[in-house]
A.B. asks: 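This is the structure I have questions about; it appears just below.
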Number of protein chains: 2
Amino acid sequence: MRSSEHGALTKNQELVYDALTDAKGPLSAYAILDGLREHGIRAPLQVYRALDKLLEFGLVHRLESLNSFVACSHPECDSRETMVFTICEKCGKVSELADKAIAGQLQSLADLDHFALKAATVELRGFCQACQTASTQ
Amino acid sequence: MRSSEHGALTKNQELVYDALTDAKGPLSAYAILDGLREHGIRAPLQVYRALDKLLEFGLVHRLESLNSFVACSHPECDSRETMVFTICEKCGKVSELADKAIAGQLQSLADLDHFALKAATVELRGFCQACQTASTQ
DNA sequence: ACGCATCTGTTATACAATAACATCGATTGC
DNA sequence: GCAATCGATGTTATTGTATAACAGATGCGT
């Protein structure tokens, strides 16, 4: 029982993962904690430890600019692929885009600088389609 | 006196900006605070307020994945341009790269998703050239 | 002088993440 | 069986990051 099977999660990992998938949006570690108090989660560390594993398994991504976490929306996410997130500054909606071209371009840029690329964080801020049309008033 | 002139900074803004340019590397807000206690800075808020302005002026960038800040290395940085940072996980060295191609690609990706792009955070993690050759032992 | 905006200083507090330590349960090797 | 080990767990305490709320000070236009 290792990383590849979703069924292999421990109780706490399962709780945290379910909280994130149910949320359908990013949650901070403390928001997760609050939502899971009834399920026996009492301390931040229980959440952070579960998150560490979920990140390692590639089931969850961390949004650096929000200090929060989302369940990966790509069922068979390869974990190490470069992900691009769009973050709506109005409604908070987050979308996860997988784009090979960006990944390649970043790799080229790193190569130019003789930088050995291990992971990339790409977070775009702006307004989602819904919030744009809404503000066309 | 607004954003464009460097000479227009207030005392605290000047102190924080100088601390960052002297450091030649990223500093956390609290590291800045510690370095400026002798200069009369006593509370985190004094640093954060100065940083907010400096970010607004485009003189400073925030490294989301490090919770820290760097002085912009491009003298005439347009503030709103997309910046790419490489962060060495061994020595902590940070480089700031301006790349039009990446910016364009991200814009295209956002367009596809009907996302109105305002700002982009791109942070690459890995090993810098020096640390690669050093670890070839 | 007055109003207004901005920067300032201070205290207290919220939010994010980790340290240190004890325990429990399953597995492995003998 | 039994010790040894390893990973997950639970708990308390602490460090680090960022903001709230309030008060005072400064500069500027009218």
Side-chain angles (χ1 to χ4, degrees), chain A residues 1-20 23 25-57 59-70 89 92 121 123, chain B residues 1-20 23 26-57 59-70 87 89 92 121 123:
Chain A
M1 65 183 73
R2 249 316 43 82
S3 64
S4 46
E5 284 305 284
H6 292 201
L9 299 178
T10 68
K11 179 165 155 281
N12 286 0
Q13 288 161 15
E14 190 77 39
L15 283 170
V16 170
Y17 184 62
D18 288 349
L20 283 173
L27 290 179
S28 74
Y30 278 67
I32 296 171
L33 173 59
D34 285 340
L36 293 179
R37 287 195 192 279
E38 305 159 355
H39 295 81
I41 302 290
R42 254 165 281 188
L45 216 56
Q46 297 175 277
V47 175
Y48 280 109
R49 285 198 279 230
L51 284 171
D52 282 346
K53 284 298 175 186
L54 293 170
L55 286 166
E56 185 185 323
F57 298 162
L59 294 174
V60 160
H61 298 292
R62 180 194 171 87
L63 291 163
E64 302 287 352
S65 62
L66 295 179
N67 287 331
S68 58
F69 305 84
V70 282
E89 295 193 321
T121 295
E123 300 178 15
Chain B
M1 65 186 70
R2 254 305 55 77
S3 63
S4 46
E5 284 304 283
H6 293 201
L9 299 178
T10 67
K11 179 165 154 279
N12 286 1
Q13 288 161 14
E14 190 77 39
L15 284 170
V16 169
Y17 183 61
D18 288 350
L20 283 173
L27 290 179
S28 73
Y30 280 73
I32 296 172
L33 174 59
D34 286 340
L36 293 180
R37 286 195 192 278
E38 306 158 354
H39 295 79
I41 302 290
R42 256 165 280 189
L45 217 57
Q46 297 175 277
V47 175
Y48 281 109
R49 285 198 278 228
L51 285 171
D52 282 345
K53 283 298 174 187
L54 293 170
L55 287 168
E56 185 184 323
F57 298 162
L59 294 174
V60 160
H61 299 291
R62 180 194 172 88
L63 292 163
E64 302 287 353
S65 62
L66 294 179
N67 287 329
S68 59
F69 305 84
V70 283
I87 303 170
E89 295 192 322
T121 296
E123 300 179 16

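First the proteins, then the strands, lettered A, B, ... as listed; each starts at 1.
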A.B. asks: Please report, rounded to the nearest Å, how far the P atom of C/dT8 is from the NZ atom of B/K11.
C.D. replies: 8 Å

A.B. asks: Looking at D/dG7, does its base get a donor-acceptor pair with the side chain of A/R49 below 3.5 Å?
C.D. replies: no

A.B. asks: If I take atom CG from residue B/L59 and atom CG from residue B/L9, how far apart are they, to the nearest 0.5 angstrom?
C.D. replies: 6.0 Å

A.B. asks: If stacking means aromatic ring centre less than 5.5 angstrom from the base's six-membered ring centre, planes under 30°, is A/Y48 stacked on C/dT18?
C.D. replies: no

A.B. asks: Considering just the side-chain nitrogens and oxygens of B/R62, establish if one lies under 4.0 Å of OP1 or OP2 belonging to D/dT17.
C.D. replies: no

A.B. asks: On the nucleotide C/dG9, are OP1 or OP2 found under 4.0 Å from the side-chain N or O atoms that B/Q46 carries?
C.D. replies: yes

A.B. asks: Select one nucleotide: of C/dC7, D/dA18, C/dA16, the one nearest the side-chain heavy atoms of B/Q13.
C.D. replies: C/dC7

A.B. asks: Quick check on D/dA18: is either OP1 or OP2 less than 4.0 Å from any side-chain nitrogen or oxygen of B/N67?
C.D. replies: yes

A.B. asks: Rounded to the Å, how far apart are B/D52 CG and D/dA20 P?
C.D. replies: 11 Å

A.B. asks: Return yes if a side-chain donor-acceptor contact under 3.5 Å exists between A/E123 and A/S65, otherwise no.
C.D. replies: yes

A.B. asks: Between A/E14 and A/K11, is there a salt bridge with N-O shorter than 4.0 Å?
C.D. replies: no

A.B. asks: Students often get this wrong, so: under 4.0 angstrom with heavy atoms, is A/R42 touching a base, only sugar-phosphate, or nothing?
C.D. replies: sugar-phosphate

A.B. asks: Nearest-Å distance, CZ (A/R37) to P (D/dG10)?
C.D. replies: 14 Å

A.B. asks: Can you measure from CG (B/L54) to CZ (B/F69) and round to the nearest 0.5 angstrom?
C.D. replies: 10.0 Å

A.B. asks: Please report, rounded to the nearest Å, how far the P atom of C/dT6 is from the CG atom of B/N12.
C.D. replies: 17 Å

A.B. asks: Do you know which of B/L55, B/T121, B/V70 makes side-chain contact (heavy atoms from CB on, under 4.5 Å) with B/R62?
C.D. replies: B/L55

A.B. asks: To the nearest Å, how far apart are B/L33 CG and D/dT15 P?
C.D. replies: 16 Å

A.B. asks: Are any of A/T10's side-chain N or O atoms less than 4.0 Å away from OP1 or OP2 of D/dT9?
C.D. replies: yes

A.B. asks: Which residue lies toward the 5' end of DNA chain C, A/P44 or B/I41, if each is placed at its nearest nucleotide?
C.D. replies: B/I41

A.B. asks: What integer distance in Å separates A/L63:CG from C/dA17:P?
C.D. replies: 12 Å

A.B. asks: Can you check whether B/S28 has a side-chain N or O nearer than 4.0 Å to OP1 or OP2 of D/dG16?
C.D. replies: no

A.B. asks: B/E64 has an atom CD; how far is it from atom P of D/dT17, in whole Å?
C.D. replies: 14 Å

A.B. asks: Using atom CG of A/L45 as one end and atom C1' of C/dA22 as the other, report the distance to the nearest whole Å.
C.D. replies: 14 Å

